[in-house]
*Asks:* 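Have a look at this one.
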Protein chains: 2
Amino acid sequence: MENKKSVTIHDIARVLQIDSSTVSRALNNNPRVSAKTKKIVQDKAKEMHYRPNTLASNLRTQKSNTIGIIVPHITKYFFSTAISGIEEEAHKAGYNVIICQSKDSEDLEAKNINTLLSSRVDGILLSPAIKTSTIDHIQKAMESNIPIFFFDRYIKEVSTTKVITDDRITSKELALHLLSQGIRKLAVLTGDTKVSIYDNRVKGIYDAFKESGLNTESKLIMQQIKLDIDEAHEAINKWVEKKVDFDAVFAMNDMAAIGAQKALQEKGFKIPEDVLVAGFSNEPIAKLVSPPITTVHQPAAEIGKLAAKKIINHIQESDKSILASETAVLDSELIIRESTLRKK
Amino acid sequence: MENKKSVTIHDIARVLQIDSSTVSRALNNNPRVSAKTKKIVQDKAKEMHYRPNTLASNLRTQKSNTIGIIVPHITKYFFSTAISGIEEEAHKAGYNVIICQSKDSEDLEAKNINTLLSSRVDGILLSPAIKTSTIDHIQKAMESNIPIFFFDRYIKEVSTTKVITDDRITSKELALHLLSQGIRKLAVLTGDTKVSIYDNRVKGIYDAFKESGLNTESKLIMQQIKLDIDEAHEAINKWVEKKVDFDAVFAMNDMAAIGAQKALQEKGFKIPEDVLVAGFSNEPIAKLVSPPITTVHQPAAEIGKLAAKKIINHIQESDKSILASETAVLDSELIIRESTLRKK
DNA sequence: AATTATTGTACAATCGATTGTATTTTTTTT
DNA sequence: AAAAAAAATACAATCGATTGTACAATAATT
């Protein structure tokens, strides 16, 4: 079997005895080509199974109509949902997306950025890695003149457009809700507060304490962990064994909340009678465990959509000077479930 | 701010007063360039922040070092895990991936294939949409001479390499396990049996009945639904209301199993005392509900890795004639949990 | 019918990297 | 030191599509 080479506009031009530029214009519906010729060309293109070579086109036009996405983990529901949102908007506008995972590693993130820039993406939507401590690789990329926007997570020191949620506000709401249940002491499981989202959520908790006039010294304990089931499980176990007193757990994501709930139940605590448990992000699983867990719904798909819209806008805006970097904040929503409702 | 054009090998060549072909060879470590010149060029390239233009390179070399992936939904844990596996192997081999979602629509799937072919990916890994009834778009793509391999799901009528799991065998195992618990009647919630995976799982159940010498007429009922929480919930409710007799549910994915379990519990049935419940795929959530649900673990990451390896092998093999299409079957694993263990 | 305006096509350069061939420079051999 | 061999570099075509400019064909105007 010979190696079938793919059909080019030159092949079509040769067959029709016309110039390839005319073929190109005909296929792109350019007014300089007569309707008659267009029809002939388009028919022949279909007949010959012509498929435009995006590489060649992109090279010539200096744009790839592609948006790069970098997320920590595509297996996380929040991110895969956000990606879906980005994809949807991107496709609507005729853009493709390339998805990369940083696995929360700064190295990989830098590599991903490089790959995307080499692929000449028109823009990058980035939700930075937890471990991102230096911002060199991002700064350098921004010098290359292709826009990099943040979504969900962001880096304070980098000034660019971001699409985020009002974590701080909703975190405060959740904390107020817990306090309103009359708890003695709140235990918080947080992620690295160098990460914007965790920082904001913690600040929200302090806001709630301040507003309630409560003393964080005596009524709040906090521990930083890797926010997954196992580490949360372990952290709670240690607290219980050390007889640390608390009667509510606020974990900064749902997986940690589930791990905490499991650990507490194994130790014989009843949720919510003995201890309240709350999470964050509204993973589908949160409402399926027993009891269903109070959490915060973040509009992942909307974040993705908006971020995509914004960067596409930016790409297509010829006069870049009028585009300042802005911060779009989407509302998140407190979802109260059984796990934090004290029975009367 | 002027529009910074990116640095090309020609820019480097001009600065160094040498030919761009030498620059190209120096950067690619070609033996035709002296070590001294290589050093000079590479240093200068770094200094000038040179970044190769992948588009140009790909156009010239007629390969993109990119693999396209099409899955029904990236938000499904199984698929995002498989994608992670593919990515890992691909990156190891110097390939990038482009990920597309078909949303289980044949139209979108065809569009995705077209996009990928236009982007000149070197190969496509496809897990076909449920709704894929015609195979034209796949056949046509295969004519274009770029390999399309299946993973997880496949289409019988299309002969190409596939990487799948031994669903039928493990489904049979699971069914045997249920039968061994001494059940009266098994209720099966299946997806569209036109889809390979569901077809195989159903066949596995029949295998188990045959092996046990049991009559499927009297001891098995089956219903085809969209395998999600809500439809499963509804299906179970209807059965219960109609007083259909069964004391075990085998749902062909975990979400449906969870929906079924919820519905049964709401109707007052105890799991597993009154009814056994089993799912499929070992979603993380399956072990977190109460009671934890018996399921089948499918090695998603391994499937992805193997599929990636196979297609990269195929791409890099110059003598395509020796490559026949093959079927790799990976073992899946029965995971028995509380939901199907009758208390003695 | 001659001139101008308009429309449709063809020509040729270009995007940036790669690569076969030709040429120059250096090294080795006699 | 001249000839041959080897190494390093330069030249030029190419990948496929796009696009500004030039030219030809037709239509409109006088």
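Each chain gets a letter, A, B and so on, in the order its sequence line appears, and its residues count up from 1.
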*Asks:* Strictly under 4.0 angstrom, non-hydrogen atoms only: write out the protein contact profile of nucleotides 14-19 of chain C, one letter per nucleotide from the 5' end, B, S or -.
*Replies:* BBBBBB
*Asks:* side-chain hydrogen bond (donor to acceptor under 3.5 Å, both in side chains) with A:K38: which residues, sequence neighbours excluded?
*Replies:* A:N29
*Asks:* Looking at B:R14 and B:D11, does any basic side-chain N land under 4.0 Å from a carboxylate oxygen?
*Replies:* yes
*Asks:* Please give, in whole Å, the distance from C:dA10 P to A:N30 CG?
*Replies:* 14 Å
*Asks:* Answer with yes or no whether the side chains of B:N58 and B:R120 bring together a donor and an acceptor at under 3.5 Å.
*Replies:* no
*Asks:* For A:L16 and C:dT9, what is the distance between atoms CG and C1' respectively, to the nearest whole Å?
*Replies:*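 Answer to the nearest Å: 13 Å.
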*Asks:* Taking side-chain hydrogen bond (donor to acceptor under 3.5 Å, both in side chains) as the definition, give me every residue that meets it alongside B:N28, ordered by chain and number, with sequence neighbours left out.
*Replies:* none
*Asks:* The helix from C:dA1-D:dT30 to C:dT30-D:dA1: angle between its terminal axes, five pairs each, to 10°?
*Replies:* 50°
*Asks:* Donor-acceptor pair, distance only, cut-off 3.5 Å: does the side chain of B:D104 make one with the backbone of B:A129?
*Replies:*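 Such a contact is absent between B:D104 side chain and B:A129 backbone.
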*Asks:* Could you list the residues that satisfy ring-ring contact (aromatic ring centres under 6.0 Å, His included) with A:Y50, not counting sequence neighbours?
*Replies:* none
*Asks:* Which residues pass the side-chain hydrogen bond (donor to acceptor under 3.5 Å, both in side chains) test with A:K92, not counting sequence neighbours?
*Replies:*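 Counting only residues at least two positions away or on another chain, A:K92 forms a side-chain hydrogen bond (donor to acceptor under 3.5 Å, both in side chains) with A:E89.
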*Asks:* Regarding A:T54 and A:S57, do their side chains bring together a donor and an acceptor under 3.5 Å, going by distance alone?
*Replies:* no
